[in-house]
Amino acid sequence: MAPHTRLGAFFLFAGTMHFLKPRPYVAIVPEALPRKRELVFASGVAELAGGAGVLVPGTRRLAGWWLIATLLAIFPANVNMAVNAERFRLVPEPLLWLRLPLQGALIAWVWHAVLR
């Protein structure tokens, strides 16, 4: 399977989960942000659009940049989880902190799969 195909499948799955199981995503949206559920759905749409976009040769590069922007936009939710670990007791705190560099790894995956 081509790298962009795996990437697209990953983001199509991730985006779909925002609609099938929104509660965990809503829980990690920083308190300062309004309309948490709508933000979760918007980020799901963004992931679905990026995932689909990397599968189409004519939109692959634009979709790659779109996914990088999306990953940067959702990074505060991951920081929120790590900083407020007591609210997320189902996940060991060290794993919450390890999620932060995972965003960088995902950005690198997008870069290598569709932008380089």
*Asks:* Set out, in order, the CA-CA distance, both residues' side-chain angles and the distance that settles side-chain contact (heavy atoms from CB on, under 4.5 Å) for Trp65 and Val110, then state yes or no.
*Replies:* CA-CA 8 Å; Trp65 287 113; Val110 172; over 6 Å; no
*Asks:* Do any N or O atoms from the side chain of Arg60 and from the backbone of Ala113 form a donor-acceptor pair under 3.5 angstrom?
*Replies:*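 No, the answer is negative, given that no donor and acceptor are paired below the 3.5 Å cut-off.
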*Asks:* Kindly indicate, with the supporting measurements, whether the criterion side-chain contact (heavy atoms from CB on, under 4.5 Å) is fulfilled by Trp66 and Thr70.
*Replies:* CA-CA 6 Å; Trp66 175 266; Thr70 299; 3.7 Å; yes
*Asks:* Under 3.5 Å, is there a donor-acceptor pair between the side chain of Thr16 and the main chain of Leu12?
*Replies:*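 A pair under 3.5 Å: yes.
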*Asks:* Are the side chains of His112 and Pro3 in contact, using a 4.5 Å heavy-atom criterion?
*Replies:*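 SC-SC contact between Pro3 and His112 ruled out.
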*Asks:* Mind checking the CZ-OG1 spacing from Phe10 to Thr5? Nearest 0.5 Å is all I need.
*Replies:*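 OG1 of Thr5 is found 15.0 Å from CZ of Phe10.
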*Asks:* Is the shortest side-chain heavy-atom distance between Phe75 and Leu71 below 4.5 Å?
*Replies:*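 Side chain of Phe75 against side chain of Leu71, heavy atoms only: no contact under 4.5 Å found.
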*Asks:* Of the non-hydrogen atoms in Glu93 and Ala82, which two are nearest, and what is the gap between them?
*Replies:*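 Heavy atoms of Glu93 and Ala82 come nearest at OE2-O, 4.4 Å.
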*Asks:* Could you report the tightest heavy-atom contact between Ile74 and Gln103, atom names first, then the distance?
*Replies:*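 Reported closest heavy-atom pair: CG1-NE2, 3.8 Å.
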*Asks:* I'd like to know if the side chain of Asn80 and the backbone of Pro76 have a donor-acceptor N/O pair within less than 3.5 Å.
*Replies:*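 No: the side chain of Asn80 does not pair with the backbone of Pro76.
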*Asks:* Got Leu7 and Phe11 here, is their nearest side-chain heavy-atom distance under 4.5 Å?
*Replies:*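 Yes, side chains in contact.
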*Asks:* With rounding to the nearest 0.5 angstrom, report the CZ to CG distance, Phe19 to Leu48.
*Replies:*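 One finds 6.0 Å between CZ of Phe19 and CG of Leu48.
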*Asks:* Taking all heavy atoms of Gly53 and all of Ala63, pick out the closest pair and write down the distance.
*Replies:*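 Scanning both residues, the minimum pair turns out to be C-CB, 3.4 Å.
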*Asks:* Cluster question for you: counting only ILVMFWY and a side-chain heavy-atom cut-off of under 4.5 Å, with indirect links fine, are Leu20 and Phe13 together?
*Replies:*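 Result: yes, single cluster for both.
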*Asks:* Mind checking the CZ-CG spacing from Arg89 to Leu96? Nearest 0.5 Å is all I need.
*Replies:*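 Arg89 CZ to Leu96 CG: 11.5 Å, rounded to 0.5 Å.
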*Asks:* Heavy atoms, side chains only, cut-off 4.5 Å: are Leu115 and Arg61 in contact?
*Replies:*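 The answer is yes, as the side chains (C-beta and beyond) meet within the 4.5 Å cut-off.
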*Asks:* What I'd like to find out is whether the side chain of Tyr25 reaches to under 4.5 Å of the side chain of Met17, using heavy atoms alone.
*Replies:*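 With C-beta onward as the side chain, the pair touches.
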*Asks:* Just by modelled atom types, is the Glu31 backbone N or O under 3.5 Å from a matching donor or acceptor in the Lys36 side chain?
*Replies:*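 It does hold such a pair.
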*Asks:* With the side chain counted from C-beta on, respond yes when Asn84 and Ile28 share a heavy-atom pair under 4.5 Å apart, and no when they do not.
*Replies:*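 A side-chain contact is absent here, since even the closest heavy-atom pair is not under 4.5 Å.
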*Asks:* What about Val79 and Phe88, same hydrophobic cluster or not, with Ile/Leu/Val/Met/Phe/Trp/Tyr joined at side-chain heavy-atom distances under 4.5 Å?
*Replies:*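 No.
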*Asks:* Show the nearest heavy-atom pair for residues Arg37 and Val26, with the distance to one decimal.
*Replies:*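 Where Arg37 meets Val26 most closely, the heavy atoms are CA-CG2, 3.8 Å.
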*Asks:* Among the clusters formed by ILVMFWY side chains lying less than 4.5 Å apart, do Met81 and Leu95 turn up in the same one?
*Replies:*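 As far as the 4.5 Å side-chain criterion goes, Leu95 and Met81 are connected within one cluster.
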*Asks:* With the 4.5 Å side-chain cut-off for hydrophobic clustering, are Leu72 and Trp111 part of the same group?
*Replies:*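 Cluster IDs for Leu72 and Trp111 match.
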*Asks:* Just how far is it from atom CD of Glu47 to atom CG of Leu67, taken to the nearest 0.5 Å?
*Replies:*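 Result: 8.0 Å between the selected atoms.
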